[in-house]
Amino acid sequence: MRICYLLGFPVSHSISAVMQNAAFTALGIDCVYRLRQVRPEDLAEAVNELRSPSVLGANATIPHKVGLTSLLDELDTFAQTVGAVNTIVNHGGWLKGHNTDGPAALRAMREALGDLGGSRVVLLGAGGAARSVAHVLTENSAKLTILNRDREKAGKLVLQLRGACADLESGGLDSLGKALATADILVNATPVGMAPNIGATPVDSRLLHEGLLVFDLVYNPMKTRLLAEAEMAGAKTLSGVEMLVYQGAEAFRLWTGREPPEAVMMNAAREALRGRKP
Ligand code: NAP
């Protein structure tokens, strides 16, 4: 039997094991996905253990996505560009890092809206997930405003993206009202509204309007307060569940070379999330 790990700290909240194990079972692949709590100071050792022939690969979550980039043997182009890894494949002891978060977010947004070229997007956050989303949006000609609690961090991200796109702005959360008035898409890439803080929202509901797609990367709960209020304002909504499943499906494809059973993965993820207490 081969093993895939999720490296994170903490990891107990993750539903990736439920989703990936359902996929291995559905295709009769002799592999098990295990959660592995790894402190940042132990990451290098945990990475070396991934070189074992029994390991197919791994996923990474908070806080390891950036730290991994300097510990692997090779990175794919997107992981290199973003500076973050969420998937590792063990090629006979040679570890290659990938980032499936950005393409997964792009696919989810395209399914909801079609072509994103020229769309005005307000992105909340400048952390790991926001970076992946910002890169795919600029590569797809969106006009992007990045707003973050720490405005300097948003400014730094915009500087990194400048080469890819000219239509970029950054600011603090106090610019939200002005930016949202003319936006087509709002992406929440902060953890605000995530369980257990389900009463929190990153956006005053009076700023939400028809004609907006509100995409919340938070997937627990599936309907956050932000999405519920967006619905009430007549906006389209997209939860983080699709992105979660699509990034997991791409990881599965990279590990196994097989077509991921996405419907099985989606059902397993939704079922696990429905069973969660807020
Ligand atoms: P991260 O690297 O820790 O970044 C968090 C970002 O949120 C930072 O920009 C931070 O601002 C901001 N933030 C944190 N608390 C805030 C608050 N109370 N008010 C305003 N801003 C706040 O985390 P991440 O990896 O990017 O993850 C962000 C969210 O995306 C998490 O909820 C995660 O579960 C979700 N996510 C979902 C998927 C999916 O597949 N659906 C994939 C990846 C991540 P400062 O810079 O000012 O600290």
Side-chain angles (χ1 to χ4, degrees), residues 6-16 19-20 40 59-69 79 82-87 98-109 111-112 122-136 145-158 160 170-176 186-204 214-227 237-252 262 265-266 269-270 272-273 276:
L6 172 66
L7 310 180
F9 189 81
V11 282
S12 55
H13 65 285
S14 172
I15 61 161
S16 289
M19 186 169 75
Q20 297 291 359
N59 278 141
T61 186
I62 292 174
H64 299 317
K65 290 184 182 181
V66 175
L68 275 171
T69 56
V82 175
V85 164
N86 78 330
T87 302
H98 303 259
N99 185 316
T100 66
D101 279 338
L106 180 67
R107 179 175 161 198
M109 282 187 281
E111 282 175 1
V122 174
L123 174 63
L124 298 182
R131 271 160 54 170
S132 316
V133 174
H135 279 278
V136 289
T145 302
I146 302 172
L147 305 179
N148 195 41
R149 184 172 61 177
D150 173 350
R151 69 175 66 219
E152 266 184 45
K153 232 162 108 180
K156 277 188 193 154
L157 179 52
V158 159
Q160 282 171 21
S170 68
L173 298 178
D174 52 344
S175 307
L176 193 51
L186 165 67
V187 182
N188 176 35
T190 79
V192 179
M194 185 167 80
N197 301 314
I198 58 170
T201 174
V203 179
D204 184 326
V214 179
F215 176 23
D216 200 340
L217 264 58
V218 172
Y219 52 80
N220 182 23
M222 286 187 273
K223 190 185 277 189
T224 57
R225 178 174 166 192
L226 172 63
L227 292 187
T237 60
L238 178 61
S239 89
V241 181
E242 279 79 3
M243 175 178 168
L244 175 77
V245 173
Y246 296 161
Q247 64 77 30
E250 277 318 302
F252 184 93
E262 285 188 354
M265 297 174 88
M266 183 66 81
R270 288 185 180 278
L273 287 166
R276 284 280 158 98

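Owing to the predicted nature of the structure, the values given are computational and were not obtained by experimental measurement. Every number for a ligand or one of its atoms is a count from 1 in the order of the listing.
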Donor-acceptor under 3.5 Å ([X] side chain, [Y] main chain):
{"X": "Asn86", "Y": "Thr100", "answer": "yes"}
{"X": "Ser132", "Y": "Gly128", "answer": "yes"}
{"X": "Gln20", "Y": "Gly248", "answer": "yes"}
{"X": "Arg131", "Y": "Gly83", "answer": "yes"}

**Gly125 versus Asn148, closest heavy-atom pair with distance** = CA-OD1, 3.3 Å

**Message:** Between Val85 and Asn99, is there a side-chain heavy-atom distance shorter than 4.5 Å?
**Reply:** no

Check ligand 1 for N or O atoms under 3.5 Å from a protein N or O and list each pair with its distance.
from	atom 1	to	atom 2	distance (Å)
ligand 1	2 (O)	Gly128	N	3.0
ligand 1	9 (O)	Ala126	N	2.8
ligand 1	9 (O)	Gly127	N	3.4
ligand 1	9 (O)	Asn148	OD1	2.8
ligand 1	11 (O)	Asn148	OD1	3.2
ligand 1	18 (N)	Arg149	NH1	3.4
ligand 1	26 (O)	Gly128	N	3.3
ligand 1	26 (O)	Ala129	N	2.8
ligand 1	40 (O)	Leu244	N	3.2
ligand 1	41 (N)	Leu217	O	3.0
ligand 1	41 (N)	Gly240	O	3.0
ligand 1	46 (O)	Asn148	ND2	2.8
ligand 1	46 (O)	Lys153	NZ	2.7
ligand 1	47 (O)	Arg149	NE	3.2
ligand 1	47 (O)	Asp150	N	3.0
ligand 1	48 (O)	Arg149	NH2	2.9

